Amino acid sequence: MTHCIAIHSYKGGTGKTTIAANAAALLVQMGKKVAILDLDVYAPSLHNYFKTNPKKWINDFLDNNADIHESIIDTTPLLFPQGQEQTNSKGRLYTGFSNPSRDAIFKFEMGNGTDYWKKQFRKLVFLREQIITKLDADYIIIDTSPGIRHWSINALSIADKLILTMKMDDLDIEGTKKLLFEIYTTFVRFGAISYILLNRVSGYCIPCNTIQSNIVENQDHKKVLEELHAATGANSLSPLPCYCDIQFSPREFLTVINNPNHPFSLRLKNIINEMTNTT
Ligand SMILES: Nc1ncnc2c1ncn2[C@@H]1O[C@H](COP(=O)(O)OP(=O)(O)OP(=O)(O)O)[C@@H](O)[C@H]1O
Ligand SMILES: [Mg+2]
């Protein structure tokens with residue numbers, strides 16, 4: 001069975017892309033076939049992560065200008081630059097990049113009307129089906145746009161696991177609650193599982209080279225997660241601390257590949273286990 005996981009949030013900058021890209025890389029290292037899709041169509045960023053300029057984009061698939069093999073490309077070699085080791089050679093990473101050009105983004109903005117959205121949704125369902133049948137993916141990981149936007153909803157609707165990343169601030173907590181009530185209940189009713197992932201929680205910067213076991217005991221985090229669970233039924237995942245070296249890095253990079261023993265990498269591995277063990 002293919003797991004389809006969407007990473008979403010109420011506010012921007014909560015770590016969606018970081019978590020999506022690193023989770024995908026971790027699964028590849030575990031020998032899984034993973035497709036990662038940049039459905040943050042208004043502000044694409046995965047091409048930057050992989051420092052690549054693809055010939056075809058997801059946009060071309062949606063416009064019937066490219067088939068699955070042209071628009072979702074094998075990016076496994078890009079994960080392992082400068083002789084980094086692929087620990088399990090069975091793992092593959094396929095990536096669907098979103099076109100960051102002004103014209104491509106305007107085209108999404110201009111699309112309107114129920115028929116347009118129905119057509120886009122059907123194309124996305126077809127994309128998912130093609131990834132499963134033609135690429136034989138074990139996991140599909142979807143990076144989305146923050147908030148309530150047509151494309152976020154489209155992306156969520158093809159996923160069976162929904163991760164809401166959030167920071168510990170009042171606005172984000174309220175917004176996340178609103179999303180869970182107003183949007184996620186429908187998906188959950190149709191069988192999706194929702195999770196809350198507190199990211200960039202403070203107080204763990206020093207030292208950042210050890211995995212700290214007491215983080216789940218933080219009473220503030222626990223209280224917020226318990227309240228959200230009681231109010232909305234959403235499950236909680238173990239929080240991820242804010243690591244200064246990741247936060248202030250001049251460029252985005254895959255911590256799980258460059259530094260597999262970094263506490264971020266170890267914690268993300270635990271989170272993937274928590275999620276895949278949920279029935
Ligand atoms: N656990 C973490 N510790 C430190 N820095 C982090 C962590 N997670 C993410 N970051 C940093 O936070 C910034 C925002 O992350 P990212 O771009 O992944 O967020 P996003 O939710 O995808 O943003 P957007 O909504 O704009 O697409 C990046 O600089 C990233 O390196
Ligand atoms: Mg992002």
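Basis for what follows: all heavy atoms, side chains included, without hydrogens, waters or symmetry-related copies. Index from 1, following the sequence. Computed from a prediction, not measured in an experiment: that's the story for all the values here. For ligands, and for the atoms within them, numbers begin at 1 and follow the listed sequence.
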Study note, to complete from the structure: Within less than 2.8 Å of the Mg ion (ligand 2), the count of protein N, O or S atoms comes to 1

Review point. In the protein, what heavy atom is nearest to atom 8 (N) of ligand 1, and what distance, to one decimal place, separates them?
Key: Asn199 ND2, 3.0 Å

**Study point:** Sub-4.0 Å heavy-atom contact, Ser249 with ligand 1
**Key:** no

**Study point:** ligand 1-proximal atoms of Ser9, by part, heavy-atom distance under 4.0 Å
**Key:** neither

Check your understanding: Do any nitrogen or oxygen atoms of Ile19 come within less than 3.5 Å of a nitrogen or oxygen of ligand 1?
Key -> no

Check your understanding: Using heavy atoms and a threshold below 4.0 Å, how should the contact between Pro146 and ligand 1 be classified: side chain, backbone, both, or neither?
Key -> side chain

Practice item. May I ask you to check whether Thr144 and Asp40 show a side-chain donor-acceptor distance below 3.5 Å? Key: no

Check your understanding: Residues two or more places apart in sequence or in another chain: which of them pass salt bridge (charged side-chain N to carboxylate O under 4.0 Å, His left out) with Glu85?
Key -> none

Study note, to complete from the structure: Among Met166, Lys16, Gln247, Arg200, closest by heavy atom to atom 13 (C) of ligand 1 is Arg200

Practice item. May I ask you to check whether over 12 heavy atoms, not counting those of Lys56, lie within 6.0 Å of atom NZ? Key: yes

Exercise for review: Would you confirm whether Asp160, through its side chain, and Gly191, through its main-chain N or O, come within 3.5 Å as a donor-acceptor pair?
Suggested key: no

Review point. Listed by chain and number, what are the side-chain hydrogen bond (donor to acceptor under 3.5 Å, both in side chains) partners of Asp169, not counting sequence neighbours?
Key: Lys11

Check your understanding: Quick one: nearest non-hydrogen protein atom to atom 3 (N) of ligand 1, plus distance?
Key -> Tyr243 N, 2.9 Å

Check your understanding: Relative to the ring of Phe108, is the ring of Trp151 parallel (under 30°), tilted (30 to 60°) or perpendicular (over 60°)?
Key -> perpendicular

Check your understanding: Which atoms of ligand 1 sit under 4.0 Å from any heavy atom of Gly12?
Key -> 25 (O)

**Study point:** Where ligand 1 meets Ile246 - atom numbers and elements under 4.0 angstrom, heavy-atom basis
**Key:** 4 (C), 5 (N), 6 (C), 31 (O)

Exercise for review: Return yes or no for this condition: an N or O of Asp143 is under 3.5 Å from an N or O of ligand 1.
Suggested key: no

Review point. What protein heavy atom sits nearest atom 29 (O) of ligand 1, and how far off is it?
Key: Glu252 OE2, 3.3 Å

Review point. What protein heavy atom is closest to atom 26 (O) of ligand 1, reported as residue, atom name and distance in Å?
Key: Gly13 N, 3.8 Å

Point to revise | Residue pair Ser101 / Asp103, side-chain donor-acceptor N/O under 3.5 Å | key: no

Check your understanding: For atom 15 (O) of ligand 1, which protein heavy atom lies nearest, and how many Å away is it?
Key -> Thr18 OG1, 3.5 Å

Exercise for review: Could you grab the distance from atom CG of Leu266 to atom OG1 of Thr255, nearest 0.5 Å is fine?
Suggested key: 11.5 Å

Exercise for review: Output the distance between atom OH (Tyr42) and atom OG (Ser152), rounded to the nearest 0.5 Å.
Suggested key: 7.0 Å

Review point. Is there a path from Leu37 to Ile163 through hydrophobic residues (I, L, V, M, F, W, Y) whose side chains come within less than 4.5 Å of each other?
Key: no

Check your understanding: Tell me: protein heavy atom nearest atom 27 (O) of ligand 1, and distance?
Key -> Asp40 OD2, 3.3 Å

N/O donor to acceptor pairs below 3.5 angstrom from side-chain atoms of residues 115-126, sequence neighbours left out:
{"residue": "Trp117", "atom": "NE1", "partner": "His150", "partner atom": "NE2", "Å": "3.4"}
{"residue": "Lys123", "atom": "NZ", "partner": "Phe61", "partner atom": "O", "Å": "3.4"}
{"residue": "Lys123", "atom": "NZ", "partner": "Asn64", "partner atom": "OD1", "Å": "2.4"}

Study note, to complete from the structure: Nearest non-hydrogen protein atom to atom 19 (O) of ligand 1, with distance, is Gly15 N, 3.0 Å

Check your understanding: Do Thr17 and Asp143 have side-chain N/O donor and acceptor atoms under 3.5 Å apart?
Key -> yes

Check your understanding: Is Ala43 in contact with ligand 1, taking contact as a heavy-atom separation below 4.0 Å?
Key -> no

Review point. Is a side-chain donor-acceptor pair under 3.5 Å present for Thr76 with Gln86?
Key: no

Review point. Is there a donor-acceptor contact under 3.5 Å from the side chain of Asn22 to the main chain of Val256?
Key: yes

